[in-house]
Amino acid sequence: MDAPRRFIPISEPLLSGNEEAYVSECVRSGWVSSLGKYIAEFEQRFADFCGVRHGIAVSNGTTALHLALVALGIGAGDEVIVPTLTFIATANAVRYTGATPVFADSEAETWNLDPPDAACRITPRTRAIIPVHVYGHPANMAPILELAKQHSLHVIEDAAEAHGARYQGKRVGSLGEINAFSFYGNKIITTGEGGLLTTDDDALDEKVRFLRDHAMSPEKRYWHTEIGYNYRMTNLQAALGVAQMERIEEFIAKKRHIAQTYNQGLREIDSITLPPEASWATSVYWMYSILLAKDFPLSRDEVMARLRQQNIDSRPFFYPIHIQPPYKADISLPVAEDLSRRGINLPSAVTLSEEDIQRIVQAIREMA
Ligand SMILES: *Cc1c(COP(=O)(O)O)cnc(C)c1O
């Protein structure tokens, strides 16, 4: 009998740097709430990393998206175009404002928002478009930005899965007007829960800072000129964030190395499509994702079950949002539907060993 083999998780944070020291410092000093030195330091470091002027830390990625939309004045009666193949928070944030998310199909090549399909969905009510850099690969931004210019639409990047990815050499988070990141435990870097907005626009920066703190007048304490939110990040979270920023380049390099290793091991299997990396893109492979062809001997769910039997975790792709109960619509977005049925995310944690990856590759080869 083989010895039981280590459970390989889909994702796992790596907190072995200065995380403990910085969090302990918050505890010792008493600065555990949303004032304290780590917040501004984290915001500045992350903004510099993206190549933008402003970073505004918030409670999570969903509240970052919500605040971006509110700051742009989007609300009831407006429409916002989002890809149907994304995490549900992208659409929920639109709905929180009272606006309507309008779902667009994905590109077969990059699995991201398809610009021509998005173009077809523009109406006189469309106010914004949210490209999402799904699984760490940047969306095809030039045609999206061009479309936005032609129709005077705001562009908000949902970069929750793509910290550090590059589009034509530029970091994501620097391409839209105001952009959202998440630092949930499985993202490229984590603050436990957390989020951040990036922008080069001074007025938007000011507006978001105001809204995240109950929309309190900067001149007059406890005076509120509109309805704001408590979407602040704590100093404890930002302490984790500063320690994680010290290693972000290392984490990205590791993600890219994991992807190369998988690619080498799976390349010869004709019935598997490897993850994309467009000529204009540098992906961070947040999740290493594959597609099973129709002639793969097992179904997607059977593959996941077999991996599970071997103590290997995996995830199906997102379900398209337009087929899910809160947003169910009688439309067909065939590329996203097809990707969703055939896609699997394989373990992608920066803690993976070479041996772990070979074990996963071997398990898949045996099924092919
Ligand atoms: C994780 C994620 C979010 C939401 O982030 P939270 O911090 O979990 O609120 C939004 N959009 C996408 C694409 C995500 O992957």
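Remember, it's 1-based here, ligands and their atoms both numbered in the order they're listed. Numbers for residues simply follow the sequence, beginning at 1.
The distance between the ring centers of Phe318 and Tyr135 falls below 6.0 angstrom.
In this structure, Phe42 and Phe46 have tilted ring planes: the angle between them lies in the 30° to 60° band.
A side-chain donor from one of Tyr22 and Glu246 sits under 3.5 Å from a side-chain acceptor of the other. Checking His322 against Glu337 by side-chain atom types alone, a donor-acceptor pair falls below 3.5 Å. Gln358 and Gln362 are not linked by any side-chain donor-acceptor pair at a separation below 3.5 angstrom, with hydrogens and angles left out of the test.
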For ligand 1, output the ligand-protein N/O contacts shorter than 3.5 angstrom; if there are none, return none.
unit_1: ligand 1; atom_1: 5 (O); unit_2: Ser182; atom_2: OG; d: 3.3
unit_1: ligand 1; atom_1: 7 (O); unit_2: Gly61; atom_2: N; d: 2.8
unit_1: ligand 1; atom_1: 7 (O); unit_2: Ser182; atom_2: OG; d: 2.7
unit_1: ligand 1; atom_1: 9 (O); unit_2: Asn60; atom_2: OD1; d: 3.3
unit_1: ligand 1; atom_1: 9 (O); unit_2: Gly61; atom_2: N; d: 3.3
unit_1: ligand 1; atom_1: 9 (O); unit_2: Thr62; atom_2: N; d: 2.9
unit_1: ligand 1; atom_1: 9 (O); unit_2: Thr62; atom_2: OG1; d: 2.5
unit_1: ligand 1; atom_1: 11 (N); unit_2: Asp158; atom_2: OD1; d: 3.3
unit_1: ligand 1; atom_1: 11 (N); unit_2: Asp158; atom_2: OD2; d: 2.8
unit_1: ligand 1; atom_1: 15 (O); unit_2: Glu161; atom_2: OE2; d: 2.5
unit_1: ligand 1; atom_1: 15 (O); unit_2: Lys187; atom_2: NZ; d: 3.1

Would you tabulate the side-chain donor-acceptor contacts of residues 105-118 under 3.5 Å, counting partners in other chains and residues two or more places apart, or write 'none'?
unit_1: Asp105; atom_1: OD1; unit_2: Val335; atom_2: N; d: 3.4
unit_1: Asp105; atom_1: OD1; unit_2: Ala336; atom_2: N; d: 2.8
unit_1: Asp105; atom_1: OD2; unit_2: Val335; atom_2: N; d: 3.1
unit_1: Glu107; atom_1: OE1; unit_2: Thr110; atom_2: OG1; d: 2.4
unit_1: Glu107; atom_1: OE2; unit_2: Asn140; atom_2: ND2; d: 3.1
unit_1: Thr110; atom_1: OG1; unit_2: Asn112; atom_2: N; d: 3.2
unit_1: Asn112; atom_1: OD1; unit_2: Val134; atom_2: N; d: 2.9
unit_1: Asn112; atom_1: ND2; unit_2: His137; atom_2: O; d: 2.7
unit_1: Asn112; atom_1: ND2; unit_2: Pro138; atom_2: O; d: 3.2
unit_1: Asp114; atom_1: OD2; unit_2: Asp117; atom_2: N; d: 3.2
unit_1: Asp117; atom_1: OD1; unit_2: Arg121; atom_2: NH2; d: 3.1
unit_1: Asp117; atom_1: OD2; unit_2: Asp105; atom_2: N; d: 2.8
unit_1: Asp117; atom_1: OD2; unit_2: Arg121; atom_2: NE; d: 2.8
unit_1: Asp117; atom_1: OD2; unit_2: Arg121; atom_2: NH2; d: 3.3

